[in-house]
K.L.:
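After the structure tokens below, expect a handful of questions from me.
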Amino acid sequence: MTTRPANIPDLIPHYIDGERVESVSGETFEVLEPVGNTVYTRAASGDKTDIDRAVAAAARAFEDGPWPRMKNRERARVLNRIADIVESRDQELAAMESFDSGLPITQAKGQAQRAAENFRFFADLIVAQRDDAYKVPGMQMNYVNRKPKGVAGLITPWNTPFMLESWKLGPALASGCTVVLKPAEFTPLSASLWAGIFEEAELPRGVFNLVNGFGETAGDALVKHEDVPLISFTGESSTGQLIFRNAADHLKGLSMELGGKSPAVVFADADLDAALDSTLFGVFSLNGERCTASSRILVERSIYDEFVERYAARAKAVIVGDPSDPATEVGALVHPEHYDKVMSYVEIGKQEGRLVAGGGRPEGFGEEGNFVAPTVFADVRPDARIFQEEIFGPVVAITPFDTEEEALELANNTKYGLAAYIWTRDVQRAHLFTQNVNAGMVWLNSHNVRDLRSPFGGVKASGLGQEGGYRSLDFYSDQQAVHITLGDVKTKRFGASAC
Ligand code: NAD
């Protein structure tokens with residue numbers, strides 16, 4: 001039995017216009033923990049009526065409230081207070097996140113720091129914000145009048161939920177938008193902390209609203225709401241496609257962070273120890289439920305056998321266990337539905353590749369809980385489903401290559417294009433490969449380490465638009481162009497013959 005955090009509410013409510021409220025319909029849904037798959041609480045299940053109320057509150061706060069009109073320094077003060085409070089709650093947050101999502105406690109512990117950083121970073125950015133002004137000497141001055149767009153709809157997934165919510169909340173609030181957040185239905189617990197955090201930080205009433213519920217009901221109503229001009233969505237590519245269609249009627253601004261099947265390309269001249277550490281961490285950290293997971297490893301033939309052998313030995317030694325145990329490296333997958341999906345890919349993989357580690361439940365585990373042994377398939381062909389499709393669990397496909405051209409072809413041979421990891425000591429090759437690989441983000445001789453100033457986003461089926469740094473502020477802002485004539489107005493005088 002895993003450790004149950006204190007203070008779990010009997011019902012996780014919505015948060016609308018500064019109040020914790022139930023759904024108008026009274027509907028609720030069950031929330032499971034992934035170690036025993038027991039129902040440990042219920043959450044209010046929102047639908048269109050609840051979304052309408054939340055959007056109305058956010059619209060009022062945008063039209064009449066102080067938030068969009070505050071000086072940037074004032075907003076930054078609130079954001080910094082939010083960051084401090086988030087950090088001060090790191091133990092509570094980590095315990096909740098680990099309990100609700102199955103994330104190992106040691107990995108959950110970093111989430112509050114990262115979430116706090118998302119607020120601090122955008123607080124700094126808006127204080128240093130500058131916008132363009134252009135002069136046409138003697139004729140015209142032009143400047144950019146940046147304005148928050150309005151009510152932002154934020155729709156988030158269940159992997160590292162609190163941190164990913166902060167990633168959207170930080171820039172949306174910094175820009176002066178008001179928001180309606182629809183967190184993932186698998187993991188509503190940690191999102192319930194936001195209301196208290198924002199109240200303590202004195203964010204004005206109505207600026208932050210949260211509606212729990214399913215994607216097809218609450219999420220859908222938010223996407224289709226005419227008073228929500230923009231949607232920032234993180235989730236599966238197929239959901240992104242649906243949202244894209246549903247947002248078309250109101251021509252909404254869309255930012256989409258979607259799925260991935262990112263390659264790690266290991267050349268023979270790489271630092272093999274470092275590449276092993278990084279590619280193991282890349283797919284088994286966060287239980288493999290990581291959008292940028294290096295879930296395909298392409299290895300140069302001359303080191304292939306050694307790499308596979310060492311990789312498999314390490315994967316077999318990864319400690320799977322109770323998420324609340326500090327020794328655990330891979331915990332329990334978020335939900336039985338997701339567990340079934342990952343397990344079905346493990347079975348598919350057995351037909352498609354050579355199983356060299358894992359392949360089912362870890363040894364010594366009974367039937368209870370969503371535990372999957374770190375699973376490694378070697379000799380996986382590029383047309384295999386486990387090479388092409390996002391599994392989003394602790395499952396990896398390894399494929400050999402002979403030449404740089406072949407490595408590039410394999411790397412680009414999926415519909416996704418989120419991240420790529422290149423391992424080589426040849427600097428020229430590293431940069432040339434990077435130029436040609438279809439990935440929104442590339443790490444050279446590194447695992448995924450973010451710099452919040454740099455762009456984040458995928459290409460192809462992995463995303464639409466890029467966030468990160470000023471790009472995020474641009475998404476949540478309108479940049480109005482203002483033109484002022486200097487000196488005489490020089491207009492062609494239509495109809496001038498009449499006078
Ligand atoms: P999902 O697409 O099933 O759900 C994501 C969110 O969308 C949830 O809140 C869900 O309720 C909502 N939703 C579902 N259908 C909807 C609809 N019709 N209208 C509006 N909202 C709807 O994704 P998931 O299973 O929660 O998350 C895993 C996926 O997220 C993976 O594909 C992963 O790669 C991706 N992801 C991407 C990034 C990134 O930055 N690129 C980061 C994390 C996760």
Side-chain angles (χ1 to χ4, degrees), residues 29 31 43 45-48 51 100-101 103 111 114 118 153-168 180-188 190-191 210-225 228 231-248 252 254-262 283 285-295 333-335 337-342 345 389-393 414-419 439-441 448 450 452 455-468 472:
F29 64 89
V31 187
S45 185
D47 61 20
K48 185 173 178 311
I51 289 288
D100 192 28
S101 74
L103 203 62
Q111 299 299 310
R114 288 199 57 189
N118 285 332
L154 313 178
I155 303 179
T156 50
W158 47 257
N159 66 320
T160 59
F162 189 85
M163 199 283 289
L164 284 179
E165 289 149 17
S166 74
W167 195 333
K168 297 187 188 304
V180 177
L181 169 68
K182 206 302 278 172
E185 54 268 42
F186 283 176
T187 52
S190 56
L210 178 152
V211 176
N212 286 300
F214 294 97
E216 306 77 46
T217 44
D220 185 66
L222 187 56
V223 167
K224 292 178 178 164
H225 203 295
V228 178
I231 297 285
S232 177
F233 168 76
T234 300
E236 284 185 15
S237 300
S238 55
T239 315
Q241 285 174 309
L242 187 59
I243 289 178
F244 194 93
R245 279 185 217 114
N246 290 340
K252 297 196 179 203
L254 293 174
S255 170
M256 298 212 167
E257 306 291 359
L258 307 176
K261 190 77 183 178
S262 301
V283 76
S285 59
L286 309 184
N287 299 340
E289 297 162 327
R290 182 196 270 277
C291 56
T292 50
S294 50
S295 51
L333 299 193
V334 67
H335 193 274
E337 262 174 44
H338 184 59
Y339 169 82
D340 289 345
K341 175 186 152 182
V342 172
Y345 275 107
E389 297 172 21
E390 185 183 44
I391 300 173
F392 218 56
T414 71
K415 67 175 183 176
Y416 295 108
L418 192 55
M441 295 165 287
N448 172 345
R450 279 286 324 276
L452 293 183
F456 186 98
V459 298
K460 301 202 289 184
S462 288
L464 190 68
Q466 285 180 316
E467 298 199 20
S472 300

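Both counts, for ligands and for their atoms, begin at 1 and track the order of listing.
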K.L.:
Which of the atoms of ligand 1 are close to Trp158, meaning less than 4.0 Å from one of its heavy atoms?
P.N.:
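Numbered from 1, ligand 1 contributes 24 (P), 25 (O), 26 (O), 27 (O).
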K.L.:
Looking at atom 23 (O) of ligand 1, what's its closest protein heavy atom, distance included?
P.N.:
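Minimum-distance protein heavy atom for atom 23 (O) of ligand 1 reads Glu236 N, 3.4 Å.
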K.L.:
Just jot down the ligand 1 atoms closer than 4.0 angstrom to any heavy atom of Leu242, in number order.
P.N.:
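Contacts of ligand 1 toward Leu242, numbered from 1: 18 (N).
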K.L.:
How close do Ala439 and Ala419 get, counting heavy atoms only, and between which atoms?
P.N.:
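Looks like CB-C, 3.7 Å.
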K.L.:
If only side-chain N and O atoms count, and only distance matters, is there a donor-acceptor pair under 3.5 Å linking Ser255 with Lys168?
P.N.:
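The answer is no; no qualifying pair exists.
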K.L.:
Where the side chain of Lys261 meets the backbone of Ser295, is there a donor-acceptor pair that is under 3.5 Å apart?
P.N.:
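Not confirmed, Lys261 side chain does not pair with Ser295 backbone.
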K.L.:
Are any of the N/O atoms on Ser237, whether in the backbone or the side chain, positioned under 3.5 angstrom from an N/O atom of ligand 1?
P.N.:
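By distance alone, the answer is no.
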K.L.:
Where's the contact between Ile243 and ligand 1, heavy-atom distance under 4.0 Å: side chain, backbone, both or neither?
P.N.:
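Under 4.0 Å from ligand 1, Ile243 contributes side-chain atoms alone.
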K.L.:
Is there a nitrogen or oxygen of Ser462 sitting under 3.5 Å from a nitrogen or oxygen of ligand 1?
P.N.:
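No, there is no polar N/O contact under 3.5 Å.
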K.L.:
If you compare all heavy atoms of Pro157 against all heavy atoms of Leu164, which two are closest, and at what distance to 0.1 Å?
P.N.:
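Looking at all heavy atoms of both residues, the closest pair is CG-CD1, 3.6 Å.
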K.L.:
Using the test ring pair (Phe, Tyr, Trp, His ring centres under 6.0 Å), find all partners of Phe244 that sit at least two apart in sequence or belong to another chain.
P.N.:
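Expected list: none.
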K.L.:
Tell me which one of Ala221, Gly215, Ser262 gets a heavy atom nearest to atom 17 (C) of ligand 1.
P.N.:
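Heavy atom nearest to atom 17 (C) of ligand 1 belongs to Gly215.
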K.L.:
Pairs of nitrogen or oxygen atoms closer than 3.5 Å, one from Trp167 and one from ligand 1: do any exist?
P.N.:
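Between Trp167 and ligand 1 (N or O atoms, distance only) the closest approach is not under 3.5 Å.
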K.L.:
State whether the number of non-hydrogen atoms from other residues, nucleotides or ligands found under 6.0 Å of Lys460 atom NZ is greater than 12.
P.N.:
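For Lys460, atom NZ is crowded (more than 12 foreign heavy atoms under 6.0 Å).
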K.L.:
Which pair of heavy atoms, one from Ile155 and one from Gly219, lies closest together, and at what distance?
P.N.:
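In this case the closest contact between Ile155 and Gly219 is CD1-O, 4.0 Å.
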K.L.:
Is a side-chain donor or acceptor of Ser472 paired with a backbone partner of Gly468 at a separation under 3.5 angstrom?
P.N.:
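Yes.
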K.L.:
Grab the two heavy atoms, one from Thr156 and one from Pro183, that are nearest each other, plus how far apart they are.
P.N.:
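In this case the closest contact between Thr156 and Pro183 is OG1-CA, 3.4 Å.
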K.L.:
Hey, is ligand 1 close enough to Thr156 that some N/O pair sits below 3.5 Å?
P.N.:
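N/O-N/O distance below 3.5 Å exists for this pair.
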K.L.:
For ligand 1, is Ala184 a contact, meaning one of its heavy atoms is under 4.0 Å away?
P.N.:
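It does; at least one heavy atom falls under 4.0 Å.
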K.L.:
If the contact criterion is a heavy-atom separation under 4.0 Å, does Phe186 count as touching ligand 1?
P.N.:
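The answer is no, since Phe186 has no heavy atom less than 4.0 Å from ligand 1.
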K.L.:
Ile155 heavy atoms, cut-off 4.0 Å: which ligand 1 atoms fall inside?
P.N.:
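This gives 6 (C), 7 (O), 9 (O), 12 (C), 20 (C), 21 (N) as the contact atoms.
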K.L.:
Set out, in order, the CA-CA distance, both residues' side-chain angles and the distance that settles side chain to side chain contact (heavy atoms under 4.5 Å, CB included) for Leu222 and Val211, then state yes or no.
P.N.:
CA-CA 10 Å; Leu222 187 56; Val211 176; over 6 Å; no
K.L.:
Do any nitrogen or oxygen atoms of Asn159 come within less than 3.5 Å of a nitrogen or oxygen of ligand 1?
P.N.:
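Between Asn159 and ligand 1 (N or O atoms, distance only) the closest approach is not under 3.5 Å.
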K.L.:
Does only the side chain of Leu164 get under 4.0 Å from ligand 1, or the backbone, or both, or neither? Count heavy atoms.
P.N.:
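The part of Leu164 near ligand 1 is the side chain, not the backbone.
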K.L.:
Determine whether the side chains of Asp47 and Thr217 contain a donor N or O and an acceptor N or O closer than 3.5 Å.
P.N.:
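Checked: Asp47/Thr217 side chains show no N/O donor-acceptor pair below 3.5 Å.
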K.L.:
If you count the atoms of ligand 1 from 1 in the order shown, which ones are under 4.0 Å from a heavy atom of Phe456?
P.N.:
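Result: 40 (O).
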K.L.:
Can you list the atoms of ligand 1 that are under 4.0 Å from a heavy atom of Asp220?
P.N.:
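What qualifies from ligand 1 is 19 (N), 20 (C).
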K.L.:
Taking both backbone and side-chain atoms of Leu258, is any N or O found less than 3.5 Å from an N or O belonging to ligand 1?
P.N.:
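Yes - when backbone and side-chain N and O of Leu258 are compared with those of ligand 1, one distance drops under 3.5 Å.
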K.L.:
Among side-chain atoms of Glu389 and Tyr345, is any donor-acceptor pair under 3.5 angstrom?
P.N.:
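On atom types as modelled, these side chains qualify, holding a pair under 3.5 Å.
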K.L.:
Would you mind checking which non-hydrogen protein atom is closest to atom 32 (O) of ligand 1, with the distance to 0.1 Å?
P.N.:
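Nearest protein contact, heavy atoms only, for atom 32 (O) of ligand 1 is Glu390 OE1, 2.6 Å.
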K.L.:
Grab the two heavy atoms, one from Glu236 and one from Phe233, that are nearest each other, plus how far apart they are.
P.N.:
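It is O-CE2, 3.7 Å.
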K.L.:
Tell me the closest heavy-atom pair linking Glu289 and Val334, and the distance in Å.
P.N.:
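Closest approach of Glu289 to Val334: OE2-N, 3.1 Å.
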K.L.:
Just heavy atoms, cut-off under 4.0 Å: does Glu289 contact ligand 1 by side chain, backbone, both, or neither?
P.N.:
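The answer is neither; Glu289 stays 4.0 Å or more away.
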K.L.:
Among protein heavy atoms, which sits nearest to atom 36 (N) of ligand 1, and what does the distance come to when rounded to 0.1 Å?
P.N.:
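Nearest protein contact, heavy atoms only, for atom 36 (N) of ligand 1 is Cys291 CB, 3.6 Å.
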K.L.:
Counting each atom of ligand 1 from 1 as listed, which ones have a heavy atom of Leu418 under 4.0 Å away?
P.N.:
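Answer for ligand 1: 41 (N).
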K.L.:
In the protein, which heavy atom is nearest to atom 28 (C) of ligand 1, and how far is it?
P.N.:
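Here the nearest protein heavy atom works out to Phe392 CE2, 3.6 Å.
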K.L.:
Taking Asn212 for the side chain and Ser45 for the main chain, is one N or O donor matched with an acceptor at less than 3.5 Å?
P.N.:
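Flag not set: sc Asn212 to bb Ser45 has no pair under 3.5 Å.
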K.L.:
Who's closest to atom 1 (P) of ligand 1 heavy-atom-wise, of Thr234, Thr239, Val223?
P.N.:
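When every heavy atom of Thr234, Thr239, Val223 is considered, Thr239 comes closest to atom 1 (P) of ligand 1.
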K.L.:
For atom 27 (O) of ligand 1, what's the nearest protein heavy atom and its distance?
P.N.:
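Here the nearest protein heavy atom works out to Pro157 CB, 3.2 Å.
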K.L.:
For ligand 1, which is the ligand I care about here, please tell me if Asn246 has any N or O atom under 3.5 Å from one of the ligand's N or O atoms.
P.N.:
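No; the residue has no nitrogen or oxygen that sits under 3.5 Å from a nitrogen or oxygen of the ligand.
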K.L.:
Looking only at protein heavy atoms, identify the closest one to atom 7 (O) of ligand 1 and say how far it is in Å.
P.N.:
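The protein heavy atom lying closest is Phe233 CE1, 3.2 Å.
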K.L.:
Holding to ring pair (Phe, Tyr, Trp, His ring centres under 6.0 Å), I want the full list of residues that pass it with Tyr339, two or more places apart in sequence or in another chain.
P.N.:
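With sequence neighbours excluded, Tyr339 shows a ring pair (Phe, Tyr, Trp, His ring centres under 6.0 Å) to no residue whatsoever.
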K.L.:
Could you list the atoms of ligand 1 found under 4.0 angstrom from a heavy atom of Gly219?
P.N.:
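Near Gly219, meaning under 4.0 Å from one of its heavy atoms, ligand 1 has 19 (N), 20 (C), 21 (N).
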K.L.:
Starting from atom 35 (C) of ligand 1, which protein heavy atom do you reach first, and at what distance in Å?
P.N.:
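Here the nearest protein heavy atom works out to Gly235 O, 3.3 Å.
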K.L.:
Should the proximity of Glu185 to ligand 1, defined as any heavy atom under 4.0 Å, be assigned to the side chain, the backbone, both, or neither?
P.N.:
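The part of Glu185 near ligand 1 is the side chain, not the backbone.
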K.L.:
Using ring centroids (six-membered ring only for Trp), state whether Trp158 and His338 fall under 6.0 Å.
P.N.:
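Between His338 and Trp158, the centre distance is under 6.0 Å.
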